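The structure appears below as structure tokens.
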Amino acid sequence: MSFTLNVNGTTHAVEVDGDTPLLWVLRDVIGLTGTKFGCGIAMCGACTVHLDGMAVRACVTPVETVGTAAVTTIEAIGATDEGARVQKAWLDEEVVQCGYCQSGQIMSAAALLAVNPSPSDADIDAVMAGNICRCGTYPRIPAAIKQAATELASGEGR
Amino acid sequence: MSFLNRLIEVVVVSMATGTVVAGTILLGLGVGAADPTAPQAAVTRPLKSVAEFSSIAETGARSRALFTEAAKVITDPRCMNCHPANRTPTQGDDMHTHVPFIDAGASGIGERGVVCTSCHRSENTPLAGSRLRSIPGATPWLLAPASMSWQGLTLGGICRQLKDPARNGDRTMAEILQHLATDHLVGWAWHPGEGRRPAPGTQREFGALVAAWIDTGAECPE
Ligand code: FES
Ligand code: FES
């Protein structure tokens, strides 16, 4: 079946089965490999992308359910204010270890800050609990989110 | 055997000496997850019909017996998992804590930034190559309000809560019947997606038991 997807502001016509997970359309058909496969069953968060700004797990999102929603991936999140602040804070805090989970971590963090610009520790835990990191970068993630929130509030950093 | 299943096996073996929590985080599969080698046939767990209670002469006793039968559905994990004691859903037939951890908040749809619909769609989503056969879904997909938490209550406690407008969403008994007998999300319990055991009986049989319970005075067990 043919689908027309709006990914990172660009229109892509793809020819895939409707139940193909968005993750595989992004990676294998469109060639955006920044979004990672971890578990395929909505338990690790590595495949997190945004649909109209909301974080979703691309591994359990059949492409036929995407419709006209704007898909944003790690490749373009830096074009948003929150995404740019999060990426800078990630570098400043040296969050990344192997990096495999980090596309998903950043996408979840950006989605959080978009709706909750000054999250509490509990807010951060509630949202980021769905993103697993085998390298154990957990202490640095909330620190970076806090930094990004502070910079967003003050307008610095970008 | 798929790559993922091989991966899971390796992880399970390597986690054999690990903690239960770590194992749960990695797999999130309780006894509710179907054995992939098991046949597909659904386990049928019938409900007694209303007529089978007609031999109970005393109306109050009949009402309590009807509720107790209907409660086979109410206390089934397909229903209980989204009526938890706190704001975190449970999953599987062993009703383990939802993986990933979710705080459904006051809204019942998740905290700002990660909501139920980050993973749950308007229908069950089949999964390929996993012991977890599907991600459940329906519209709306949300947790019951805090006032309607069931886990940890006795049957009598659940029964009294169902009847209490202060806790049941200000519903009349007719509205309670309508909700239980016809609501789409309640109905999901009988169409829970591959790898999940449906609630006993059918929604129609369940509705008939609830109607008969209300007709007989909606008495509650202790
Ligand atoms: S790959 Fe989608 S949540 Fe793990
Ligand atoms: S940085 Fe390696 S898995 Fe998270």
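Since this is a predicted model, take the numbers as computed values, not measurements. Naming convention: chains lettered A, B, ... in sequence-line order (proteins, then strands); numbering from 1 in each chain.
- A salt bridge links A:E151 and A:K88; the closest N-O separation between the charged side-chain nitrogens and carboxylate oxygens is under 4.0 Å.
- Nearest heavy atom pair, residue B:L132 against residue B:S130, reads N-OG, 2.9 Å.
- Both the backbone and the side chain of B:T117 come within contact range of chain A, with heavy atoms under 4.5 Å apart.
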Side-chain donor-acceptor pairs under 3.5 Å in residues 117-126 of chain A, sequence neighbours left out?
from, atom 1, to, atom 2, distance (Å)
A:S120, OG, A:A122, N, 3.4
A:S120, OG, A:D123, N, 3.0
A:S120, OG, A:D123, OD1, 3.4
A:S120, OG, A:D123, OD2, 3.2
A:D121, OD1, A:K146, NZ, 2.8
A:D123, OD2, A:N116, ND2, 3.0
A:D123, OD2, A:S120, N, 3.1

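- Using a 4.0 Å cut-off between a side-chain N of Lys or Arg and a carboxylate O of Asp or Glu, B:D93 and B:R78 qualify as a salt bridge.
- At a 4.5 Å heavy-atom cutoff, the contact between A:T61 and chain B is made by backbone and side-chain atoms alike.
- Across A:C44, A:A55, A:A111, the residue that shares the most heavy-atom pairs under 4.5 angstrom with chain B is A:A55.
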